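Here's the structure, in structure tokens; my notes come after.
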Amino acid sequence: MPKLTINGIEVEVEQGTSIIQAAEQIGIEIPRFCYHDKLSVPANCRMCLVEVEGGPPKPVASCAMACGEGMVVKTDTEMVHKARKGVMEFLLINHPLDCPICDQGGECDLQDQAVAYGYDRSRYHENKRAVADKELGPLIKTTMTRCIQCTRCVRLGEEVAGVTELGLMHRGEDVEIDTFVEKAVSSEMSGNMIDVCPVGALTSKPYEFKARPWELSKTESIDVHDAVGSNVRIDARGGEVMRVLPRLHEEINEEWISDKTRFAYDGLKKRRLDRPWIKNEKTGKLEEADWNEAFTLIAEKMKSRKADKRAFIAGDMIDVEAMVAAKDLAEAIGGAALECRIDGATFDTSSRSGYLFNTSIAATEEADAILLVGVNPRTEAAMINARILKAVRHNKAKVGVIGKACDLNYAYDHIGTTAKDLEAFKTSKAAFAKAFKAAKKPMIILGMGALQGEDGQAVHALAHEIAKTYKVVKPEWNGFNMLHNAASRVGALDVGFAQDDFYIGDASFVYLLGADFDTSFLNSKAFVVYQGHHGDLGAHRADVILPGAAYTEKTALYVNTEGRVQQTLRAVMPPGDAREDWTILRALSAFLNTPLPYNTHQQLRDRIVKEWAQFGTLDVVPSETWEAFGKKGKVSKDVIAPAYENIYMTNAICRASETMKACTQEFFLSKQEDMAEAAE
């Protein structure tokens, strides 16, 4: 481990550490534009120049030079300052003077560095170069004249998102970032290009001219559009969410988020439920009501049904507090069926290790062989797919797929399409099976698509057998993983909000707790209550509608797919008469003459922690004991399809979002049309 001195401070670093990284370790900031600690090093902006004693008689790029033993580095000498001022002058030669109308204003690296190293006038008298803007789709707005060719967007596309649609074209003064073929950037992580762009060349199209950063209140929260639990920052003004940005969490999403997480926020203000509604039995139309009327009617109908005919169904974005309150209410009134798996997945919930992502999200990139069963991680969990891409790029990991072929951004062996092929894999002699058996850190990722048939329990048991056969679980490595796609799912399973022996179509009273799904199979005479934040699929069938709060409007607990407990924080207030879900259930319990034993959020949290201790500690990945799970049985010959293919229309917020509708048209429907034409 080499020792070096930077500005008189001695530091010891690992072999291969660059000067810019060593400086960061001791709190010395070196300006940069092209360097990014998550991307490869191009060393093409030259802003990070430093002086090395005994080295070349000129400044050196600190991002590209590795630390050496005894090296003496200076970052604040006159030579360094003069060199950086020269670089800044060149960068500003062609940069337009449009800071007042640039959406990057206030968050622009170029602005910040120009304050420290810029001149107060230009010595360049020729005409500025202009570059045509590119059409990259409904998410990214381009102003390419501002581009300084740092290539961060190109490297992010290749190394993180796994697409090669952007590149550096031409040479000399004509150099520019462009698409090789004129098309939109189709990655599900394209919005991260906006974050890494150090200038205003790439900005958010939906956010265009909406707000300035200093006008916004910033709230640290988590995303609930999938089960990854990406850490985000919600920026709001007044009562409106203006944008959603990633928040650094190395073990979950690093500093990236998916486009759905980033851009679906406009759906939060459309088609919202902001008051109670009751269906008129004569006209069949919904009419406005007050809370007392709604609660009185619900209590009457609920009491009139037998316990075995009542059901509470939790949706994909419901918090733990609401589900515990619903469970307590069901027990207080004498019983009701509880279920959270509205996608129809069936699997054994008795063992926690059987339904968690046991490897952990961060450790995915350590795997050297990965078997995907009934899952498309690119659409179901983009952050996990980025980790798999890392494993493929850095570990040369082999990937095998059982299920419908899908468009992943890395090569894979397509082993089969049915659960029968999974069964045959136990004794397979194929190349991937041999590589999987020889792997030191093999992984199985079992998706909801493999468990949605009647053979779900059998497939679950079969996956356990394969894990045992191929020694996927070892003392230092648990490679068995179930990938959920609903933010509420693991929390619901942890608190027992699941029941295997009940068919919801038999219920005569159904309480839909944020559950938006096709309700056509429900009993036509069933009394349906919908509690949620959007007038979507569940609300269309309801006899009574109760307005709930969205994830940006409450402080609540969620458990991600790896079993990590996290919480959202309220960024804005719910609209109109909408309330947090647990408070609605607490108020309803009083009308049923069975008031729940908590009146505050803290009292409810205490009740939860008392029964389920894991909810008392946030942001910790559990270590579960490996146990047998599933029920042996015959498996189907039907093709296993991923849980969903259109990443942009997976929940009520997305379906209300104009941006997600535009993405569906641009990236999903047009692709389907192209595939249909190719098939013909």
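These numbers were taken from a predicted model, which means no experiment stands behind them. Excluded from the calculations below are hydrogen atoms, water molecules and symmetry mates; all remaining heavy atoms, backbone and side chain alike, are included. Along the sequence shown, residues carry numbers from 1.
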In a check of side-chain contact (heavy atoms from CB on, under 4.5 Å) between Asn376 and each of Asn385, Asp407, Val401, Leu408, which one passes?
->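 That would be Leu408; it is the only one of Asn385, Asp407, Val401, Leu408 passing the side-chain contact (heavy atoms from CB on, under 4.5 Å) with Asn376.
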
Partner of Gln566 by side-chain contact (heavy atoms from CB on, under 4.5 Å), out of Val559, Leu618, Asn231 |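 Answer to the side-chain contact (heavy atoms from CB on, under 4.5 Å) test with Gln566 among Val559, Leu618, Asn231: Asn231.
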
Using only atom types and a distance under 3.5 Å, with no angle test, would you say the side chain of [X] pairs donor to acceptor with the backbone of [Y]?
{"X": "Glu562", "Y": "Ile361", "answer": "yes"}
{"X": "Asp103", "Y": "Phe209", "answer": "yes"}
{"X": "Asn478", "Y": "Val473", "answer": "no"}
{"X": "Asn253", "Y": "Ile257", "answer": "no"}
{"X": "Asn409", "Y": "Val163", "answer": "no"}
{"X": "Thr561", "Y": "Met482", "answer": "yes"}
{"X": "Glu165", "Y": "Ser186", "answer": "yes"}
{"X": "Glu69", "Y": "Lys3", "answer": "yes"}
{"X": "Arg146", "Y": "Gly200", "answer": "yes"}
{"X": "Asp266", "Y": "Thr659", "answer": "yes"}

Using 4.0 Å as the upper bound for N to carboxylate O, is an ion pair formed by [Y] and [X]?
{"X": "Asp368", "Y": "Lys396", "result": "no"}
{"X": "Lys441", "Y": "Glu476", "result": "no"}
{"X": "Lys260", "Y": "Asp223", "result": "no"}
{"X": "Glu24", "Y": "Arg32", "result": "yes"}
{"X": "Asp195", "Y": "Arg262", "result": "yes"}

Of all the heavy-atom pairs spanning [X] and [Y], show the shortest one and how long it is.
{"X": "Leu202", "Y": "Ile194", "answer": "O-CG2, 3.8 Å"}
{"X": "Ser230", "Y": "Met383", "answer": "OG-CG, 3.5 Å"}
{"X": "Ile20", "Y": "Cys63", "answer": "CG2-CA, 3.7 Å"}
{"X": "Gly374", "Y": "Glu380", "answer": "O-OE2, 4.4 Å"}
{"X": "Gln111", "Y": "Gly106", "answer": "OE1-N, 3.2 Å"}
{"X": "Pro442", "Y": "Val472", "answer": "O-CG1, 3.7 Å"}

Answer yes or no on whether Lys85 is positioned over the face of Tyr119, meaning its NZ or CZ is under 6.0 Å from the six-membered ring centre and within 45° of the axis.
->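 Judged by the rule, Lys85 and Tyr119 form a cation-pi pair.
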
Is the count of non-hydrogen atoms from other residues, nucleotides or ligands lying under 6.0 Å from [X] atom [atom1] greater than 12?
{"X": "Lys398", "atom1": "NZ", "answer": "no"}
{"X": "Lys474", "atom1": "NZ", "answer": "yes"}
{"X": "Lys128", "atom1": "NZ", "answer": "yes"}
{"X": "Lys218", "atom1": "NZ", "answer": "yes"}
{"X": "Phe90", "atom1": "CZ", "answer": "no"}
{"X": "Glu250", "atom1": "CD", "answer": "yes"}

First locate atom [atom1] of [X], then atom [atom2] of [Y], and finally report the distance between them rounded to the nearest 0.5 Å.
{"X": "Lys440", "Y": "Trp477", "atom1": "NZ", "atom2": "CH2", "result": "13.0 Å"}
{"X": "Gln113", "Y": "Leu92", "atom1": "CD", "atom2": "CG", "result": "11.0 Å"}
{"X": "Ser62", "Y": "Leu49", "atom1": "OG", "atom2": "CG", "result": "7.5 Å"}
{"X": "Ile384", "Y": "Leu389", "atom1": "CD1", "atom2": "CG", "result": "14.0 Å"}
{"X": "Asn485", "Y": "Ile647", "atom1": "CG", "atom2": "CD1", "result": "11.0 Å"}
{"X": "Leu166", "Y": "Met169", "atom1": "CG", "atom2": "CE", "result": "10.5 Å"}

Please name all residues satisfying side-chain hydrogen bond (donor to acceptor under 3.5 Å, both in side chains) with Asp109, sequence neighbours left out, ordered by chain then number.
->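 Per chain and number, Asp109 pairs via side-chain hydrogen bond (donor to acceptor under 3.5 Å, both in side chains) with no residue.
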
Evaluate the side-chain proximity of [Y] to [X]: yes if any heavy-atom separation is below 4.5 Å, no if none is.
{"X": "Gln25", "Y": "Thr17", "result": "yes"}
{"X": "Thr364", "Y": "Met443", "result": "yes"}
{"X": "Leu356", "Y": "Pro622", "result": "yes"}
{"X": "Lys210", "Y": "Arg243", "result": "no"}
{"X": "Leu372", "Y": "Ile388", "result": "yes"}
{"X": "Val13", "Y": "Val11", "result": "yes"}
{"X": "Tyr117", "Y": "Pro31", "result": "yes"}
{"X": "Trp256", "Y": "Leu156", "result": "yes"}

CA sep, side-chain torsions, deciding dist, call: Gln21, Tyr35, side chain to side chain donor-acceptor pair (under 3.5 Å) = CA-CA 10 Å; Gln21 292 171 326; Tyr35 173 79; 3.3 Å; yes

With sequence neighbours excluded, residues passing side chain to side chain contact (heavy atoms under 4.5 Å, CB included) with Glu255 |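 Checked Glu255 against side chain to side chain contact (heavy atoms under 4.5 Å, CB included); matches are His36, Asp37, Lys38, Leu248.
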
Stepwise, does the salt bridge (Lys or Arg N to Asp or Glu O under 4.0 Å) test hold for Glu176 with Arg129?
-> CA-CA 11 Å; Glu176 61 180 285; Arg129 183 183 79 143; 5.7 Å; no

Mind running side-chain contact (heavy atoms from CB on, under 4.5 Å) on Ile148 and Cys45 for me, showing each step along the way?
-> CA-CA 8 Å; Ile148 60 171; Cys45 79; 5.7 Å; no

From CA spacing to verdict: side-chain contact (heavy atoms from CB on, under 4.5 Å), Glu208, Thr203 = CA-CA 8 Å; Glu208 183 180 6; Thr203 54; over 6 Å; no

Does the side-chain contact (heavy atoms from CB on, under 4.5 Å) test come out yes or no for Phe33 and Leu91, once each step is laid out?
-> CA-CA 10 Å; Phe33 291 117; Leu91 288 175; 3.4 Å; yes

Show your reasoning for whether side-chain contact (heavy atoms from CB on, under 4.5 Å) applies to Leu39 and Val160.
-> CA-CA 8 Å; Leu39 305 175; Val160 178; 3.9 Å; yes

